*Asks:* 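Quick one: this structure, given as structure tokens, is what I'll be asking you about.
Every chain is numbered from 1 and lettered A, B, ... according to where its sequence line falls, protein lines coming before strand lines. Fair warning: this is a prediction, and the values are worked out from it, not measured in the lab. Quick note: numbers below take in every heavy atom, side chains included, and nothing from hydrogens, waters or symmetry partners.
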Amino acid sequence: MSLRVYNTLSGQKELFEPRVPGKVGMYVCGVTVYDYCHIGHARANIVFDIVYRYLKYSNYDVTYVRNYTDVDDKIINRANERGITSQQLSEEFIQAFDEDMGRLGLDLPTVQPKATEHIDHIIALVERLIANGKAYASEGDVYFAVESFDDYLKLSKRNLDEMQAGARIAPGEKKRNPMDFALWKAAKPGEPFWESPWGKGRPGWHIECSAMGMEYLGESFDIHGGGKDLVFPHHENEIAQSEAATGQPFVKYWLHNGFVNVNQEKMSKSLGNFFTIRDILKTYDPEVVRFFILSAHYRSPIDFSDQNLKEARLGLSRFYEGLQAAAEVLAECPPSDVEATDGTELAAKFREAMDDDFNTAQAIGYLFEGIRTMNRLMATKKFRKKADLVASVRALYETFLDLGKVLGMFGSEPKAWLDQQRMAALADLDITAEQIEALIADRLQARQDKDFARSDAIRDELAEKGILLLDGAGGTDWKIK
RNA sequence: GGCCCCGUCGCCAAGUGGUAAGGCAGAGGCCUGCAAAGCCUUUAUCCCCAGUUCGAAUCUGGGCGGGGCCUCCA
């Protein structure tokens, strides 16, 4: 079995064969740091976190580069509005980004370079393009000449003539062709700048990713990822400038994640329909957000709504409840020599799903089946005395924790996680944990006295307040409805 | 206007030629003092029409509906 990935360049799923066997070089476009990240950013980063984790799980030696774009018009404007420097602003939002991603439980990339720390590489790359006749300087700017690159638009599958006919491009007088894009921009007064052969200026948006990608991964590397909205112009331009400079294919596999929608519409800042990660995390556990995102295939659109988040929370709770039950049982049943294949079978299905273009939705479907199997085993009569069944549960339990690491889930201690969810939800209810415990004690007494009318009255009273009682072998527990 | 994607059970969502995963919700049952949780059983022929094929949710054409890119955007 082997990994197949959907390559935007070919428009098909392809067998994944890294350029150097066993090693993968992967670059993902990070964010422009001028504001807080929204759930769309969360999706992109979680998706590629999964790609990263799964490649590592598949025994690849992965170098993962994710950049910070810390010089850009929007940063400059926002900094001016606030009366601080671009650097101060970008530092602030780099920190915010790191915090958000940390809370979402993302693995740290191998390298997280900043554009402003690679100006020399950028300038060198631009010079190389000028030397090749692929770019030209014009009044302090430098532009890439799109007509000089035959493969231009091969990623987005557009047509140069038709795009120009579309006429939404402001014809810059400094450009030879309106489609030419800036590699280097002359600094206007008050803007941050670096010295260059073309005067004081700063890099264009696209060139930084080419420069940093090549710096850390070589002139040709395996995977380049980002949101679908980056296909054109960003990634298209990266290909043009990179391949025109080196004469080699820049990237082997281009991966793009779908959008997060709100009411079927793309979430974006201009529509004002975005939700920041930090706002969402006030209500929902990070793992719930992750589960929500992974419950759909990464290329499909996903609709953000309170209802969908709640469903995700319910789904994840089902896992943790099963895991908690298993953990309790296993703690009391010593490991035996009995072998069980349940775990390896589940892992094989999981891999089959993930090998098919990182189909996390399918993989989670298999995990749900695994949970049901585990629950079924534990519900068997005299379960604890049956070594083969206990061995199966143990195998499944361990497999869950193992596979959970690939998805960034199930990492919490089940009891603690469920408790935390419960306490968070309790804050919205008109009752405290102590009051609940006291009522449970009263009810226990009533039950012992066979006063079931009183017992049921207490249960109804709690139910009215949103509390559900669970009578188990070890006593009565409760959860939020 | 150009290019592209999507339309699967009440809801969410897999499935790209071989007879529809999974979750939530619903129904029946087991368990329970009664419940809850859990377990078992059960619920779709895939927007419409026409074609290709022994066979299509999956391919082709047309239609209807929704969305994206073409300007910064994950």
*Asks:* For a quick check, tell me whether the side chain of A:Asp456 and the base of B:G33 share a donor-acceptor pair closer than 3.5 Å.
*Replies:*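 Pair found.
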*Asks:* Would you mind building the protein contact string for nucleotides 9-22 of chain B? One character per nucleotide, 5' to 3', B for base within reach (heavy atoms under 4.0 Å), S for sugar-phosphate only, - for untouched.
*Replies:* --BSSSS-----BS
*Asks:* Scan side-chain atoms only and decide if A:Asp342 and A:Tyr397 contain a donor-acceptor pair under the 3.5 Å cut-off.
*Replies:* no
*Asks:* Can you tell me the base-pairing partner of B:U45? Count Watson-Crick or G-U wobble geometry only, both distances below 3.5 Å, and say none if there is no partner.
*Replies:* none
*Asks:* Looking only at side-chain N and O atoms, does A:Lys228 come under 4.0 Å of OP1 or OP2 in B:G67?
*Replies:* no
*Asks:* Among the nucleotides B:A74, B:C24, B:A35, which one has an atom lying closest to any side-chain atom of A:Val260?
*Replies:* B:A74
*Asks:* Return the nucleotide paired to B:G65: Watson-Crick means purine N1 to pyrimidine N3 with N6-O4 or O6-N4, wobble means G-U with N1-O2 and O6-N3, both under 3.5 Å.
*Replies:* B:C6
*Asks:* Could you tell me whether A:Asp357 and A:Lys13 have a side-chain N and a carboxylate O separated by less than 4.0 Å?
*Replies:* no
*Asks:* Strictly by Watson-Crick or wobble contacts shorter than 3.5 Å, is anything paired with B:U58, and which nucleotide is it?
*Replies:*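 Across all strands, not a single nucleotide pairs with B:U58.
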*Asks:* OP1 or OP2 of B:G38 sitting under 4.0 Å from any side-chain N/O of A:Arg318?
*Replies:*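 Affirmative; the distance criterion is met.
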*Asks:* Is the distance from OP1 or OP2 of B:C31 to the nearest side-chain N or O of A:Arg376 less than 4.0 Å?
*Replies:*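 For B:C31, OP1/OP2 do not have a side-chain N/O of A:Arg376 under 4.0 Å.
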*Asks:* What residues form a side-chain hydrogen bond (donor to acceptor under 3.5 Å, both in side chains) with A:Ser300, not counting sequence neighbours?
*Replies:*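 Expected list: none.
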*Asks:* Is it the case that A:Thr8 and A:His256 place a side-chain donor and acceptor less than 3.5 Å from each other?
*Replies:*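 A donor-acceptor contact under 3.5 Å links the two side chains.
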*Asks:* Using the C1' atom in both, what is the distance from B:U45 to B:C9, to the nearest Å?
*Replies:* 11 Å
